[in-house]
A.B. asks: 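Starting off with a structure, shown below.
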Amino acid sequence: MTRTFGQRLHESIERYGQLCVGIDPHGFLLDAWGLPRTAAGLREFGLRVVDAASGTIGILKPQVAFFEVFGSTGFAALEEVLAAARAAGLIVIADAKRGDIGSSVDAYGDAWLTPGSPLEADAVTLAAYTGTGSLAGVFDLAERHNKGAFVLAATSNPESQVLQTATVPDGERLGLTVAGLVATEIDEWNRARASVDNAESPALGSIGVVLGATKNLLDYGVDARSLGESAPLMPVLAPGFGHQGARFDDIRSIYGPLTAGTIVSTSRSALAAGPSALRDTLAAQAAQLAGALS
């Protein structure tokens with residue numbers, strides 16, 4: 001039987017741990033790496049990160065925006081990086097934060113999750129401002145192709161608080177915050193699919209949420225203890241470690257029972273080591289994270 005994204009993610013975590021490195025080619029990093037601020041520089045940067053990550057950690061998260069800056073040549077560079085990462089056996093999460101309605105959002109799903117697409121990744125980040133129900137077509141596509149998605153819920157930026165802590169005014173969701181509503185609905189989707197499949201529930205679902213590590217999740221209306229009781233466990237993509245201030249030692253206190261399915265994303269704190277020291281830096285961070293989780 002073909003493995004779901006959740007099953008593949010679980011296997012990667014079991015083998016390599018929970019560390020994920022972002023491919024975020026900021027201009028200052030390109031300068032520090034001796035690379036030009038061009039699409040060719042981004043391509044070389046991305047391929048060097050893939051090489052350092054391969055056999056060291058299991059998950060990569062390319063930030064699509066940096067490649068979009070260069071238009072078609074940037075997308076061509078991204079296509080090569082995505083292909084190289086998947087060929088190396090890495091799980092690739094395209095950090096594209098797409099979202100829309102109807103055929104438009106379905107097209108985003110086709111672009112990032114269809115096997116053979118030039119931009120094919122294993123999962124994509126999505127925005128649910130149009131409601132999580134509007135993303136159903138992408139979720140269904142992900143399920144058909146054994147792909148995944150991560151929906152923004154409580155993000156790590158300080159500007160998120162007012163919108164993401166706004167509450168549902170009526171109905172059966174009365175009192176839930178926007179962030180809590182997104183997390184609850186994604187959790188319910190995973191549980192419903194496991195029930196429909198009528199098979200042994202996988203350890204992890206295939207659709208997850210983004211929960212920033214710099215936030216008190218309860219302040220955002222996200223109850224990790226309640227969500228962590230679900231089977232399969234909803235995966236979490238967790239930005240905010242390293243440069244943004246969150247520490248590996250804090251992961252259990254932040255995510256509670258969701259910790260086992262939490263992907264710990266690091267970027268600048270690792271990439272600043274430079275290309276020659278990146279593999280060793282990732283190995284050291286992976287070991288530090290494993291120690292914090294043991």
Side-chain angles (χ1 to χ4, degrees), residues 4-6 61 64-65 93-114 119 121-145 147-197 204-212 215 217-224 226-230 232-239 258 261-263:
T4 66
F5 172 76
K61 184 175 70 65
V64 171
I93 302 171
D95 197 356
K97 298 183 178 69
R98 299 302 197 245
D100 211 316
I101 59 173
S103 58
S104 296
V105 75
D106 291 347
Y108 284 134
D110 288 337
W112 297 101
L113 301 179
T114 299
L119 293 169
D122 296 293
V124 64
T125 57
L126 300 170
Y129 193 77
T130 50
T132 56
S134 70
L135 305 176
V138 182
F139 297 164
D140 291 341
L141 177 73
E143 182 181 30
R144 289 197 302 275
H145 296 311
K147 302 290 191 177
F150 292 88
V151 183
L152 304 181
T155 56
S156 57
N157 60 306
E159 302 88 351
S160 68
Q161 184 170 7
V162 173
L163 178 61
Q164 293 173 5
T165 60
T167 56
V168 177
D170 53 31
E172 63 180 17
R173 307 297 196 184
L174 175 66
L176 278 178
T177 63
V178 170
L181 177 65
V182 170
T184 297
E185 291 186 340
I186 298 304
D187 182 56
E188 290 173 348
W189 193 94
N190 282 313
R191 288 190 282 116
R193 296 316 306 162
S195 176
V196 168
D197 291 341
L204 292 177
S206 292
I207 308 297
V209 291
V210 177
L211 298 176
K215 302 300 182 184
L217 296 183
L218 286 176
D219 288 347
Y220 274 66
V222 178
D223 186 350
S226 176
L227 294 167
E229 295 175 354
S230 294
L233 190 66
M234 178 176 62
V236 172
L237 179 59
L258 292 173
T262 295
I263 299 167

A.B. asks: Under a 3.5 Å distance rule, please check whether Thr262 uses its side chain to pair with a backbone N or O of Val236 as donor and acceptor.
C.D. replies: no
A.B. asks: Looking at every non-hydrogen atom in both residues, tell me the closest pair between Ala153 and Val182 and how far apart they are.
C.D. replies: CB-CG1, 4.0 Å
A.B. asks: Taking only residues two or more places apart in sequence, or in another chain, which ones meet Asp95 in a salt bridge (charged side-chain N to carboxylate O under 4.0 Å, His left out)?
C.D. replies: Lys61, Lys97
A.B. asks: Identify the heavy atoms of Leu126 and Ala149 that sit nearest to each other, and give their distance.
C.D. replies: CD1-CB, 3.8 Å
A.B. asks: Could you pull out all residues at least two apart from Arg173 that satisfy side-chain contact (heavy atoms from CB on, under 4.5 Å)?
C.D. replies: Val168, Leu176, Leu181, Thr184, Glu185, Glu188
A.B. asks: Would you say that Trp189 contacts Thr132 through its side chain, given a criterion of any heavy-atom pair below 4.5 Å between the two side chains?
C.D. replies: no
A.B. asks: Working note: Arg144 + Asp140, criterion salt bridge (charged side-chain N to carboxylate O under 4.0 Å, His left out); need CA distance, chi angles, decisive distance, verdict.
C.D. replies: CA-CA 6 Å; Arg144 289 197 302 275; Asp140 291 341; 5.5 Å; no
A.B. asks: Walk me through whether Lys215 and Val222 qualify under side-chain contact (heavy atoms from CB on, under 4.5 Å).
C.D. replies: CA-CA 10 Å; Lys215 302 300 182 184; Val222 178; over 6 Å; no
A.B. asks: Name all residues meeting the ring pair (Phe, Tyr, Trp, His ring centres under 6.0 Å) criterion together with Phe150; count only those two or more places apart in sequence or in a different chain, and write none if there are none.
C.D. replies: none
A.B. asks: Please check: side-chain N/O of Lys147 versus main-chain N/O of Ala121, any donor-acceptor pairing under 3.5 Å?
C.D. replies: yes
A.B. asks: Can you tell me how far apart NE2 (His145) and OG1 (Thr4) are? Round to the nearest 0.5 Å.
C.D. replies: 15.0 Å
A.B. asks: Report yes if the side chains of Leu141 and Asp106 come closer than 4.5 Å at any heavy-atom pair, otherwise no.
C.D. replies: no
A.B. asks: Out of Ile263, Asp122, Val124, which one pairs with Ile93 under the side chain to side chain contact (heavy atoms under 4.5 Å, CB included) rule?
C.D. replies: Ile263
A.B. asks: Report the C-alpha distance between Phe139 and Ile186 in whole Å, list the side-chain angles of each, state the deciding distance to 0.1 Å, and finish with yes or no for side-chain contact (heavy atoms from CB on, under 4.5 Å).
C.D. replies: CA-CA 10 Å; Phe139 297 164; Ile186 298 304; 3.6 Å; yes
A.B. asks: Minimum heavy-atom separation for Gly261 and Leu204, please, with both atom names.
C.D. replies: CA-CD2, 3.6 Å
A.B. asks: Do Leu258 and Leu211 have side chains that get closer than 4.5 Å, going by heavy atoms?
C.D. replies: yes
A.B. asks: Is a donor from one side chain sitting under 3.5 angstrom from an acceptor on the other, for Glu143 and Ser206?
C.D. replies: no
A.B. asks: To the nearest 0.5 Å, how far apart are OG in Ser160 and CG in Leu152?
C.D. replies: 10.0 Å
A.B. asks: Distance from Glu229 atom CD to Asp223 atom CG, nearest 0.5 Å?
C.D. replies: 8.0 Å
A.B. asks: Looking at CG of Leu119 and OH of Tyr108, how far apart are the two atoms once the value is rounded to the nearest 0.5 Å?
C.D. replies: 12.5 Å
A.B. asks: Does the side chain of Arg193 come within less than 4.5 Å of Ile207's, by heavy atoms?
C.D. replies: no
A.B. asks: Are Asn190 and Met234 close enough, and set up right, to give a side-chain contact (heavy atoms from CB on, under 4.5 Å), and what steps lead you there?
C.D. replies: CA-CA 7 Å; Asn190 282 313; Met234 178 176 62; 3.9 Å; yes
A.B. asks: Got more than 12 heavy atoms from elsewhere within 6.0 Å of CG, Leu163?
C.D. replies: yes
A.B. asks: Taking all non-hydrogen atoms of both residues into account, name the closest pair between Ser134 and Ile101 and its distance.
C.D. replies: CB-CG2, 4.1 Å
A.B. asks: Can you give me the closest heavy-atom contact between Ala142 and Leu113, atom names plus distance?
C.D. replies: CB-CD1, 4.0 Å
A.B. asks: Would you name the heavy atoms of Leu237 and Pro239 that are closest together and state the gap between them?
C.D. replies: O-CD, 3.2 Å
A.B. asks: Would you say the side-chain atoms of Thr165 pair up with the backbone N or O of Tyr220, donor to acceptor, closer than 3.5 Å?
C.D. replies: no
